[in-house]
Structure formats: C-alpha cells, structure tokens
Amino acid sequence: MKCRKCGAVAVINMRQHKLALCDEHFLEWIPQQTQRAIRKYRMFGPRDRILVAVSGGKDSLSLWDVLLRLGYQAEGLYIHLGIDSGGYSDSSLEYVERFAAAREGARFRVVDVKAEYGQSVPELARRTHRGRKPCALCGLVKRYIMNRVAYEGGYDAIATGHNLDDEVAVLMQNTLRWQTGYLARQAPVLPSTHPKLARKVKPFVRLYERETAAYAIVRGIEYIYDECPYAVGSTTNFYKELLNQLEGRSPGAKLGFYLSFLEAKRQGAFSQTKEALELNECEKCGQPTTAPGLCAFCRLWER
Ligand code: AMP
Ligand code: FES
Ligand code: ZN
Ligand code: ZN
C-alpha cells in the first residue's frame with residue numbers, strides 16, 4: 001500500500017476515506033481533520049483557554065499533542081481516581097507526567113480524589129454502591145471535578161479525548177432503547193447551560209480509535225496500554241466489537257451511522273425532547289445541580 005500524497009510506504013489505510021498515508025502525511029492529516037472538526041462544530045477559537053482532560057491513554061494524550069501543535073492554549077487536567085490501590089491510576093499519571101515533561105508549555109494539574117475528599121473512587125463505591133462496579137460513580141466524580149476546575153481556572157472549554165468508536169458505541173446503546181433524552185444531548189459540543197458550567201467539546205469525534213492509536217504510536221507518544229480494570233468486559237466494549245464487525249463488512253458504517261445521526265438531529269429529529277432543565281446552585285459547593293439542596297456529588301460524601 002502506498003501513500004496517496006507522496007507514494008512512500010503507507011503506515012495506515014483508512015478504508016472509510018479510501019485513503020492510505022505514509023507516516024509523515026498521516027501526522028499532518030490528523031491535526032488537519034481535528035482543526036476541521038473544531039471549526040465545523042464551533043468548538044473554540046484561537047484565543048480560548050482549553051482544559052484538556054487527560055487520562056494517560058492514547059486518545060487524550062494525542063488530543064493534547066494535536067491541540068498544542070495547532071497552537072491552542074491547552075492545559076491538562078489529570079484526575080487521580082485511586083483505582084487498583086493506586087496501581088492503575090499511579091501509572092496513568094506517570095504517562096501524563098512524561099508527556100508534559102517532554103514538551104515545553106505543556107502545563108497540567110492533578111486532582112487527587114482521595115487526598116482532596118477523603119476516599120478514592122473504589123472506596124467510595126464500596127461505601128455508597130454496595131460493591132457494584134464504580135464506573136457510573138466514577139463518571140459523576142470526573143464530570144464534577146472537570147466542571148469545578150474549569151470554572152475556578154476560568155477556562156472556556158473542557159476537551160475530552162472521546163473518539164468516533166466511543167461515540168458510536170454510546171449511540172448504539174441509546175438507539176437500541178430509543179432513549180430520546182440521551183440522544184438529544186449526545187453531540188460533539190455541549191454548550192454551557194450555566195455560568196459555572198464550561199462548554200464540553202470532543203475534537204476527535206470523527207476519528208476512529210485505530211487512527212488515534214496509530215497517531216500516538218507514529219508520533220512516539222507513550223500511553224497507558226491497559227484500560228481501567230473495571231472497564232474490562234463492559235457493555236460499551238461489547239458494542240465496540242459488534243460495530244467493528246459491521247465496519248469490517250461495510251467500511252464507513254461507523255462514520256455513516258454517526259454523521260447521519262447528527263444530520264437527523266440537525267433537521268430536528270429530537271428537538272421536542274430537549275427539556276430546559278432548571279439549575280440551582282448546590283448549598284454546599286455552589287456548583288450547578290438540577291436537584292434541590294445538595295448536588296449529587298456532595299450527597300455522596302454526606303452519606
Ligand atoms: P473514558 O471515559 O475512560 O473513555 O474517557 C473518556 C475521556 O475522559 C478521556 O479521553 C479523557 O479525556 C477523559 N478522562 C478519562 N479519565 C480521566 C482522568 N482520570 N482524568 C482526566 N480525564 C480523564
Ligand atoms: Fe472510572 Fe474505570 S475509569 S471506573
Ligand atoms: Zn506521504
Ligand atoms: Zn455540591
């Protein structure tokens with residue numbers, strides 16, 4: 001296989017775009033595609049300050065790298081969740097530290113959940129969720145901390161490394177149950193609905209997972225290869241496998257599914273579902289919440 005641009009040996013063939021590229025041209029193509037998504041979905045502009053949520057994985061580290069290469073003011077946030085008695089979380093943090101140490105201007109902050117609030121996420125799950133998997137709780141904790149840090153630090157947007165495979169797996173789960181409320185809210189950009197809630201953006205939303213992985217490898221970014229121990233065997237992973245089988249038979253199926261969903265939404269498919277949620281400020285922490293009194297995060301620590 002040869003690069004379509006220069007004829008050199010290709011490192012990747014992207015069948016959904018009928019495009020094979022060499023290492024050099026692939027390393028140019030990814031930032032171009034990212035910039036296009038940022039512009040198309042009006043994610044942010046050159047003067048905005050972006051908080052990049054970095055997990056130490058391939059997607060978020062590649063995203064941070066691309067945003068810095070594109071000249072954006074992108075600072076990192078790592079949330080130490082205390083997973084695997086620190087083992088998984090500690091090694092993830094090391095990858096983030098190594099990434100930042102190798103790049104001038106790559107500043108980041110760490111929020112350690114246990115140090116700041118008294119318990120790690122698995123400990124909190126054991127106490128409040130009676131041993132059920134901590135994933136849902138973990139999502140709540142991460143969202144809360146991202147919002148709080150973005151508000152306190154005056155950032156204009158929070159960027160996460162969600163790729164197309166992540167989005168399509170969620171889309172499939174939501175579609176199978178026609179969860180129109182979730183479908184109405186699933187988008188490349190979630191606008192700010194309150195002065196204390198920053199906009200949320202996913203600049204890699206049109207890139208396949210194999211492309212973000214290839215970018216990290218070709219670019220020499222070291223990342224944590226293992227996924228969170230609690231994610232092994234998850235429903236999302238099952239849907240990802242199913243969708244890859246579909247993609248194998250029908251290249252472009254994943255991208256087509258997602259883009260036609262966005263188009264249906266643009267035409268108003270779920271416009272009646274959007275309910276304007278009224279937001280109050282939490283009595284304890286002041287963060288916005290739909291609940292009266294305490295927000296869901298503060299309630300966790302009260303129990
Ligand atoms: P996941 O929910 O693990 O698929 O991660 C989705 C996105 O959330 C990642 O691409 C990151 O941008 C962000 N993220 C996940 N875990 C963390 C973490 N521990 N600290 C900061 N950001 C995270
Ligand atoms: Fe939160 Fe796995 S990353 S439970
Ligand atoms: Zn080339
Ligand atoms: Zn609160």
Side-chain angles (χ1 to χ4, degrees), residues 1-14 17 19-30 32 53-60 77-93 95-96 111-114 116-117 119-126 128-129 131-149 151-152 160-162 166 194 196-197 214 218 223-224 226-237 279-303:
M1 192 69 67
K2 284 185 180 164
C3 173
R4 192 210 278 174
K5 303 220 163 141
C6 71
V9 180
V11 290
I12 190 161
N13 180 23
M14 295 170 284
H17 299 304
L19 179 66
L21 292 175
C22 70
D23 47 5
E24 191 187 319
H25 284 116
F26 181 60
L27 289 182
E28 274 176 18
W29 185 82
I30 292 282
Q32 282 164 2
V54 282
S55 64
K58 60 187 186 320
D59 301 302
S60 49
L77 164 67
Y78 176 75
I79 303 169
H80 194 298
L81 303 156
I83 289 172
D84 214 1
S85 315
Y88 172 74
S89 296
D90 285 345
S91 352
S92 306
L93 173 58
Y95 284 98
V96 176
V111 172
D112 186 316
V113 176
K114 182 162 180 154
E116 199 135 326
Y117 300 98
Q119 276 184 320
S120 70
V121 165
E123 285 167 351
L124 187 62
R126 274 197 288 279
T128 61
H129 282 53
R132 267 180 288 147
K133 275 194 174 196
C135 302
L137 180 76
C138 176
L140 169 82
V141 169
K142 285 193 285 205
R143 278 194 300 279
Y144 178 88
I145 292 175
M146 286 177 201
N147 282 326
R148 208 205 64 204
V149 171
Y151 170 64
E152 288 172 1
T160 54
H162 291 97
D166 297 324
H194 186 280
K196 288 187 175 177
L197 295 177
V218 177
Y223 60 88
I224 184 146
D226 297 326
E227 58 179 354
C228 164
Y230 299 108
V232 178
S234 68
T235 320
T236 303
N237 281 350
L279 293 171
N280 317 304
E281 291 194 358
C282 168
E283 283 171 6
K284 190 171 167 204
C285 73
Q287 279 293 103
T289 171
T290 50
L294 294 184
C295 72
F297 181 84
C298 287
R299 260 183 287 137
L300 281 175
W301 306 94
E302 291 282 308
R303 277 188 226 171

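The structure displayed is predicted, hence computed values, not measured ones. Remember, it's 1-based here, ligands and their atoms both numbered in the order they're listed.
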Ring geometry between His80 and Tyr78 (parallel below 30°, tilted from 30 to 60°, perpendicular above 60°): perpendicular
Result of checking Met1, Lys5, Glu28 against Leu21 for side chain to side chain contact (heavy atoms under 4.5 Å, CB included): Lys5
4.0 Å heavy-atom contact, Cys135 with ligand 2: yes
Rounded distance [0.5 Å steps], CD1 in Ile145 versus CG in Leu77: 8.0 Å
Ligand 2 contacted by Lys142 (non-hydrogen, < 4.0 Å): yes
With the Zn ion (ligand 4) as the apex, the SG/SG angle for Cys298 and Cys295 - to 10°: 110°
Cys138 near atom 1 (Fe) of ligand 2: N/O/S under 2.8 Å: yes
Whether over 12 other heavy atoms sit under 6.0 Å from Lys284 NZ: yes
For Cys228, the ligand 2 atoms whose distance to one of its heavy atoms is below 4.0 Å: 2 (Fe), 3 (S), 4 (S)
Aromatic plane relationship, Tyr117 with Phe297 - under 30° parallel, 30 to 60° tilted, over 60° perpendicular: perpendicular
